[in-house]
Amino acid sequence: MFNTPQLEAIRYQDGPSLVVAGAGSGKTRVLTYKIAYLIEQGFRPWTILALTFTNKAANEMKSRIAGVVGAEEAKRLWMGTFHSMFLRILRTELPLLEESDPLHFPPNFTIYDQTDSNSLVKGIIRELGLDDKIYRPGSVLSRISDAKNHLVTAGEYAASAAQYQSDLRSRMPEVRTVYSRYQERLHKACALDFDDILVFTYKLFNSHPAILRKYQDRFQYILVDEYQDTNHAQHQIILQLAALPPHRVCVVGDDAQSIYSFRGADISNILGFSDAYPDCSVKLFKLEQNYRSTQTIVKAANSLIHKNQGQIHKEVFSERSVGLKIPVMEAYSDVEEAQMINKVITRLHGKEHIPYSDIAILYRTNAQSRVLEETMRKNSVPYCVYGGLSFYQHKEIKDVIAYFRLAVNPADEEALKRIINVPTRGIGQTTLNKIIGAATEHGVSLWAVLTDPTAYGMKLNSGTIGRLSAFADMVSRFIDKCNTDDAELAGRYILSESGLLKDIFSDTSIEGRSRQENIDELVAGLHDFVGLRREEGTDAVMMTDYLSEVALLSDMDRDGDDSTERVTLMTIHSAKGLEFDTVFVTGLEENLFPNQMSLSSPNEIEEERRLFYVAITRAKQHLYISYARSRYHFGKMEFSNPSRFIHDIDAQFLSMGKQQSASAAQPRPSFFGSRSSFSENHASFSDNRQQLSSEVSTRRLRPLTSVEKQSSDRFNRRTDISNTIQNNNSQSSANRTGVAFATGSIQVGQHILHDRFGMGEVVAIEGTGDGEKATVRFENSGVRQLLLKFARFKVVD
DNA sequence: GGCTCTAAAGTTTTT
DNA sequence: CTTTAGAGCC
C-alpha cells in the first residue's frame with residue numbers, strides 16, 4: 001500500500017520533517033494518511049493545523065480523512081488555505097485587542113479583493129496628483145504587495161533607502177507615499193487586503209507573545225502542502241507557530257513544481273528548510289517513485305527539468321508501462337490546433353472509450369481557451385472551463401456583494417463607491433469626490449460623512465442632501481436586517497429594496513438574461529449556504545458569516561461537478577495537483593510558452609520550464625504536445641516559432657512525425673532550421689489536416705462574445721447535472737423546495753439522493769429529536785454529517 | 001448629473 | 001478583438 005519512504009514520512013513525528021515529493025509520487029495520499037495516523041496516535045483533530053494551497057484541495061483531503069477516521073473527527077481539523085485559517089484566527093483575536101492597538105479591528109472587517117485594492121490605489125494616485133501613466137495602479141500595487149509578502153510595513157518601506165532607490169529607478173519615487181496612504185485608507189475602511197491576512201497574523205504573533213503561545217500550544221502538529229509555493233510571510237508564520245521544541249512540523253513539496261514566484265512564492269523556503277532549526281535537524285524524506293504516469297512521460301519530464309539549475313536532487317522513476325511516445329503536433333493556426341485536438345479527443349473517446357472527464361486541455365494563458373471552446377462546441381464535445389473570470393467577478397455579482405459588504409461594514413469604502421449610484425439615484429462622481437475629499441480631510445470613513453454631510457463642511461444643494469440621506473437610510477435598514485435575519489433573508493431583502501433586482505430584471509437583452517441567471521445563482525448560493533450550515537448544525541448563518549466565506553473563494557473552489565462527463569479546460573497553474581488520463585499541452589510557442597514577459601530573466605525562464613514540467617506530469621497515460629504557427633493576438637495574426645521547451649525534452653521520448661516536404665508553406669523559418677522535422681504531424685494526425693484546412697478556410701471562426709461564452713459555458717456546465725439529478729433545482733432559487741422528513745425515517749445502509757451532494761450511503765445515525773444526525777458517504781462529495789431536521793434529500797432504497 | 005460615442009490599452013500565471 | 005476610460009453633449 002505504501003513504499004518505504006512514504007511509510008517513514010507518515011510515521012515520523014519526533015520533530016520537523018521535509019518531504020520532497022516528485023510529481024505523482026503520492027504526496028497527497030501521504031499527507032492524508034499522516035493526518036489520519038496522527039489522529040489514531042492520539043492527536044486530537046483540533047490540535048492539527050494542515051495548510052493547503054486551495055480550498056478545494058483542503059475539502060478533498062478533509063473528506064478523504066473523514067473516510068478513515070470519521071466525519072465527526074475530520075470536521076474539527078484546522079484544515080484549509082493559509083488565508084482562510086489565518087483569517088479565522090484574526091476574526092477571533094483582532095477584536096479582543098485593546099482599541100489603541102494598531103492591530104485592533106472590529107469583528108466585521110472586510111476583505112478587499114484585488115479589484116478593490118486596485119481601485120483604492122488608483123484613487124490614491126489620483127488624489128496625490130501623480131501621473132497614472134507612470135504610476136500604473138497595477139505596478140504600484142504589485143510593489144506594495146511585494147513589500148507585504150516580505151513583511152515590510154509602510155513605515156519600514158518609507159524609511160528604506162534601498163526601496164527608495166529601487167522605486168526611483170522605476171521612476172516612481174512616491175510609491176512609499178501611496179503605500180502609507182493605502183494602509184491608512186484600509187484601516188479607515190475597516191478592511192484588510194489579501195496580503196494583510198498574512199502580515200497581520202505575523203504581527204499579531206510577533207507583538208503578542210501570549211497569543212502566539214496560545215496557538216503554539218493548540219497546534220501540536222503543523223502540516224503544509226505545496227511548500228515550494230509559500231512566500232516569505234507564510235514561511236515566517238510557520239516558523240513562529242512551530243518555534244517550540246520538538247517542532248512538530250511537516251512540510252511537503254517539490255521544488256521542481258514551484259510556479260508562483262510572480263506572486264511572491266520563494267523557492268528558498270523549501271530549499272533551505274533543512275536548516276530552519278539550529279537546535280535540531282530536519283528529517284528529509286524523498287518520494288521518488290511516480291505512481292501516476294508511464295515511464296515515457298516520467299523520463300521525458302526528467303529530461304526537461306534537468307535543464308534547470310539549482311534543485312534538490314531527485315530521480316523520479318516509474319514502474320508503470322513504458323507507454324507511447326509523446327506526439328508533438330504542429331498546426332498552421334490556433335484554430336487548426338484546436339481542431340486537431342478535437343479530432344484526437346473524438347477518437348480517444350469513441351475508439352478507446354476514454355471518458356471526457358479523464359481528458360484535460362492545458363494552456364499557458366486564459367485567452368487561449370476561446371478558440372478551444374468555440375471548436376469544442378462546434379464538435380459537440382462537452383467541456384468545462386475552470387478559472388478565468390470567476391463567478392464572483394461578474395459585475396452584477398460584485399454589485400450585490402458590495403451591498404452585502406456595506407450592510408455588514410458600512411465603513412467599507414470600495415463597496416460604497418461601487419454601489420452608491422447603482423442603480424442610478426442621482427449621486428454622481430462630483431458628489432462622490434466631495435465626500436471622499438471631506439472624509440480624507442477629517443480622517444473619517446465615507447460612511448461617516450455620508451450620514452452627516454453638514455458636520456464635515458459639505459456644501460451641497462438640498463436635492464443632493466435629500467438623495468444622500470435617502471441612500472443612508474436605506475443602507476441603515478440593510479444593516480438592521482443583517483443583524484436580525486439570516487443571510488438568505490437579508491440578501492433577498494437587500495436585492496429587492498435596493499432596486500437592484502428591478503434594475504437587472506427589467507433588462508431583457510441577452511446580456512441581461514445572463515445577469516439574471518447569475519443573480520439567481522447567487523440567491524441559490526445564499527439559500528444553500530444557510531441550508532447547509534443548518535443541516536450541519538452550525539448557527540453561523542448570518543450575512544457576515546457568508547461574506548467571510550465568499551471573500552476567499554476562487555473559481556477553482558466552486559461546486560464539484562465531477563459526476564458529469566466533460567473535458568476539462570484550464571491553465572497549467574490551475575492544474576497543479578490534478579491528474580488526468582489524457583492531457584493536451586497546447587501553445588508551445590516562443591513568446592507564449594515561455595511567455596514573452598519571462599524571456600529577459602534566466603530565473604523566469606526556469607520557472608516557465610517548471611511550469612511545463614507541471615503540465616506534462618499531469619498525464620497518466622496519454623500526453624500530447626501542440627503548437628501553432630500562427631495565432632490571433634489582440635485581434636491580429638502573429639506568427640511564432642515552436643517553443644525551446646520542446647527541444648529540452650530528450651527526442652527519444654517524442655514522436656515528431658515524418659520529414660516535411662520542401663513545398664509546404666511556412667510563415668517563417670522554423671526555430672529548428674529551415675528543413676525542420678517538425679512540420680508534419682504525428683502520423684495519425686496528418687490525414688486530418690486536409691479536411692480540417694478546408695474547413696478553416698471556408699469558415700473563419702469568430703471569437704465568442706462574453707455573453708455567448710457565459711451562456712454556452714453555463715449550458716455545458718448544467719445540462720448533465722439536471723439530467724442525472726432530476727429534482728436538482730440549483731439553477732433557480734424560485735422553485736426551491738425542501739423535502740421534509742419525519743425523523744427516524746432513515747436507517748444505516750440506505751441510499752439517499754441529496755439535493756446538493758447527490759447519491760450517498762448512510763453509514764451512521766446518532767442523536768435524537770432535532771439533534772438527530774446522519775453520517776453519509778457521498779459518491780462525489782465525500783463523507784458528511786447532516787442534521788436530519790434540515791437535510792434535503794430523498795431515500796432511494 | 002447622466003448618457004453616448006470614441007480612443008487607447010491590454011494578456012501571464014492567482015490565494 | 002474586447003474592454004474600459006474619458007470626453008463631449010444633452
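In what follows, chains carry the letters A, B, and so on, assigned in the order in which the sequence lines appear, proteins first and then strands, with residues in each chain numbered from 1.
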Sugar-phosphate only, base, or nothing, as touched by Phe593(A) at under 4.0 Å among non-hydrogen atoms:
nothing
Using a 4.0 Å heavy-atom cut-off across all strands, classify Tyr260(A) as base, sugar-phosphate, or nothing.
sugar-phosphate
dT12(B) phosphate, OP1 or OP2, under 4.0 Å from Ser598(A) side-chain N/O
no
Could you tell me whether Lys576(A) sits above the aromatic face of Phe53(A), with NZ or CZ closer than 6.0 angstrom to the six-membered ring centre and within 45 degrees of the axis?
yes
Lys/Arg cation over aromatic Tyr260(A): Arg263(A), 6.0 Å, 45° cone:
yes
Spacing between His232(A) atom NE2 and dT15(B) atom C1', to the nearest angstrom
18 Å
Phosphate oxygens OP1/OP2 of dT15(B): is one of them under 4.0 Å from a side-chain N or O of Ser84(A)?
no
Tell me which residues in residues 119-128 of chain A put a heavy atom below 4.0 Å from DNA chain C, sorted by number, or none.
Lys122(A), Arg126(A)
Going by the rule side chain to side chain contact (heavy atoms under 4.5 Å, CB included), which residues pair with Thr568(A) if we only count those two or more places apart in sequence or in a different chain?
Ala360(A), Tyr386(A), Met570(A), Phe580(A)
Indicate whether OP1 or OP2 belonging to dT14(B) is found under 4.0 Å from a side-chain N or O atom of Asn366(A).
yes
Distance, C1' atom - from dT12(B) to dA5(C), rounded to whole angstrom:
23 Å
Using the ring pair (Phe, Tyr, Trp, His ring centres under 6.0 Å) rule, take Tyr112(A) and Phe194(A) through it: C-alpha gap first, then chi angles, then the decisive distance, then the call.
CA-CA 7 Å; Tyr112(A) 271 14; Phe194(A) 254 134; over 10 Å; no
Axial cation check for Tyr179(A) ring with Arg143(A), 6.0 Å and 45° limits
no
Selection: residues 418-435 of chain A, any non-hydrogen atom under 4.0 Å of DNA chain C:
none
Which pairs count as salt bridge (Lys or Arg N to Asp or Glu O under 4.0 Å) when at least one residue sits in residues 192-205 of chain A, sequence neighbours excluded?
Lys148(A)-Asp193(A), Lys148(A)-Asp196(A)
At a cut-off of 3.5 Å, list every protein nitrogen or oxygen paired with a nitrogen or oxygen from nucleotides 5-9 of chain B, distance to 0.1 Å.
none

What pairs meet the salt bridge (Lys or Arg N to Asp or Glu O under 4.0 Å) rule with one or both residues in residues 116-126 of chain A, with sequence neighbours excluded?
Asp116(A)-Arg405(A)
